[in-house]
Amino acid sequence: MMKKRLKLQMRKRKVARRLLPLFAPFILTPVASSLSPGTAKANTKTSSKTNVSGYKIMQFDQVAFNLYNEMKLAQKGLKYEIFRKALTGYFNMKHDGLLSEKPVLTMVDFTKSSSKKRLWVVDVENKKLLHHTYVAHGRNSGVEFAENFSNEDKSYMSSIGFYVTQGIYHGKHGLSLRLDGVDEGFNTNALDRCIVIHGAEYASPDIIAQTGRLGRSLGCPALPMQEHKDIINTVKDKTAMYIHAADASYTSDYLDHATAMAELIQESSEKVPVSTDTSI
């Protein structure tokens, strides 16, 4: 247990060092308070904790919005709210030691028509959009739009939430990538269901030109044949993936960004040299 704890602490410190350039401008940036002096004096310990939590969330929002703008993701059709959720999960999973050192995050927006490009892969550390393409959903999830989701075997529906990518293999669809779902009740049967990333002829722009939408899978996020190999090789081996949908019932432990980001920011801030010069 002690070795596991030390290993996790070392991983956190290593992550913090890599994220330092990202967080440093925001860690040392003061956030103006709207409280009057009288109100401030009346604050209790509970409200102070609330303010600290709110401040940490504001720091996270600054980082997320900065990344979103630098990668020009709005111009590529990705909504900020989806990127924010995905980034929250990414850092939470990093915090828990679920991911490798590859700073790669994959996002899918199943609120979009399958005739639109609705998959994005980004490099969080280098602030780059690596891939942007089409992705198919399960046949029982819907026709043009994915509207129904399941974690059950043989449902032939897509599953939503956060995943950790695993290793590659060659199956009936050629090069494929296993996915391990980490959201209990929503996608944790992904490995048993053989939900994988693979290429498919029905996930191409040619099919959209013929039918107005992509074809559908048995639940897998299938990609265009011309791109699936490059994408699989980019995201394989324990990187984060988030599949978003308009599902009000969806919850995830990995959306607790206040706690995870507080830990990461604290680790990063310890590395930031703070000047002791008080001269004006």
Side-chain angles (χ1 to χ4, degrees), residues 8-9 11-34 48-109 119-132 161-164 182 234-235 238-244 252-275:
L8 180 58
Q9 289 176 348
R11 180 186 286 274
K12 285 170 61 181
R13 290 193 183 98
K14 191 171 183 180
V15 171
R17 286 196 295 271
R18 298 184 72 182
L19 295 176
L20 178 57
L22 204 64
F23 284 97
F26 305 110
I27 294 167
L28 302 180
T29 301
V31 178
S33 173
S34 60
S48 295
K49 289 180 180 179
T50 301
N51 290 339
V52 169
S53 178
Y55 173 61
K56 290 170 181 175
I57 294 173
M58 290 175 69
Q59 286 182 309
F60 173 78
D61 284 338
Q62 285 181 310
V63 172
F65 197 66
N66 179 59
L67 277 173
Y68 181 76
N69 284 333
E70 287 200 42
M71 290 188 280
K72 297 180 172 58
L73 296 177
Q75 291 91 317
K76 294 298 182 179
L78 179 62
K79 296 176 183 176
Y80 173 67
E81 64 186 74
I82 295 173
F83 176 72
R84 182 177 181 270
K85 285 184 178 180
L87 194 67
T88 302
Y90 169 83
F91 283 127
N92 270 280
M93 288 190 283
K94 274 280 189 184
H95 175 73
D96 286 354
L98 299 180
L99 305 179
S100 68
E101 295 302 316
K102 292 170 66 174
V104 174
L105 171 60
T106 303
M107 295 158 283
V108 173
D109 179 7
L119 179 143
W120 301 259
V121 180
V122 300
D123 181 326
V124 175
E125 184 176 317
N126 295 303
K127 307 174 187 178
K128 292 181 179 179
L129 174 64
L130 304 177
H131 300 281
H132 180 212
F162 288 103
Y163 295 81
V164 178
V182 296
T234 297
V235 308
K238 295 190 176 181
T239 69
M241 180 176 185
Y242 173 60
I243 298 181
H244 177 80
S252 174
D253 292 339
Y254 297 97
L255 289 177
D256 181 11
H257 64 268
T259 300
M261 291 307 299
E263 290 294 329
L264 287 168
I265 292 172
Q266 181 177 357
E267 289 280 348
S268 298
S269 64
E270 291 174 357
K271 310 294 182 182
V272 179
V274 180
S275 174

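No experiment lies behind these values; they were computed from the predicted model shown.
Closest approach of Tyr90 and Leu99 over heavy atoms only: O-CD1, 3.7 Å. Smallest separation of non-hydrogen atoms from Val235 and Lys102: C-NZ, 4.1 Å.
By the 6.0 Å contact criterion, CZ on Phe65 is open, its count of non-hydrogen atoms from other residues, nucleotides or ligands being 12 or less. Atom CG of Asn69 sits in a crowded spot, with more than 12 heavy atoms from other residues, nucleotides or ligands closer than 6.0 Å.
Checked against Met241 for a side-chain contact (heavy atoms from CB on, under 4.5 Å), the options Val182, Val104, Val108 give a single hit: Val108. Each of Lys76, Lys128, Met107 was evaluated against Val122; a single residue qualifies, Met107, per the side-chain contact (heavy atoms from CB on, under 4.5 Å) test.
One finds the CD atom of Glu70 at 11.5 Å from the CG atom of Asn126 (value rounded to the nearest 0.5 Å). With values rounded to the nearest 0.5 angstrom, Phe162 atom CZ is found 7.0 Å from Thr88 atom OG1. Leu105 contributes atom CG, which lies 7.5 Å from atom CE of Met93 (distance to the nearest 0.5 angstrom). Atom NZ of Lys94 and atom CD of Glu101 lie 4.5 Å apart (nearest 0.5 Å). For the atom pair NE2 (His131) and CG (Asp123), the distance works out to 10.5 Å, reported to the nearest 0.5 Å. Here Asn92 contributes atom CG and Leu87 contributes atom CG; the two are 10.0 Å apart, rounded to the nearest 0.5 Å.
Between Phe83 and Tyr68, the two ring planes are tilted [angle within 30° to 60°].
Side-chain contact between Leu67 and Lys127 is present, with heavy atoms from C-beta onward closer than 4.5 Å. The closest side-chain heavy-atom distance from Tyr242 to Tyr254 is not below 4.5 Å.
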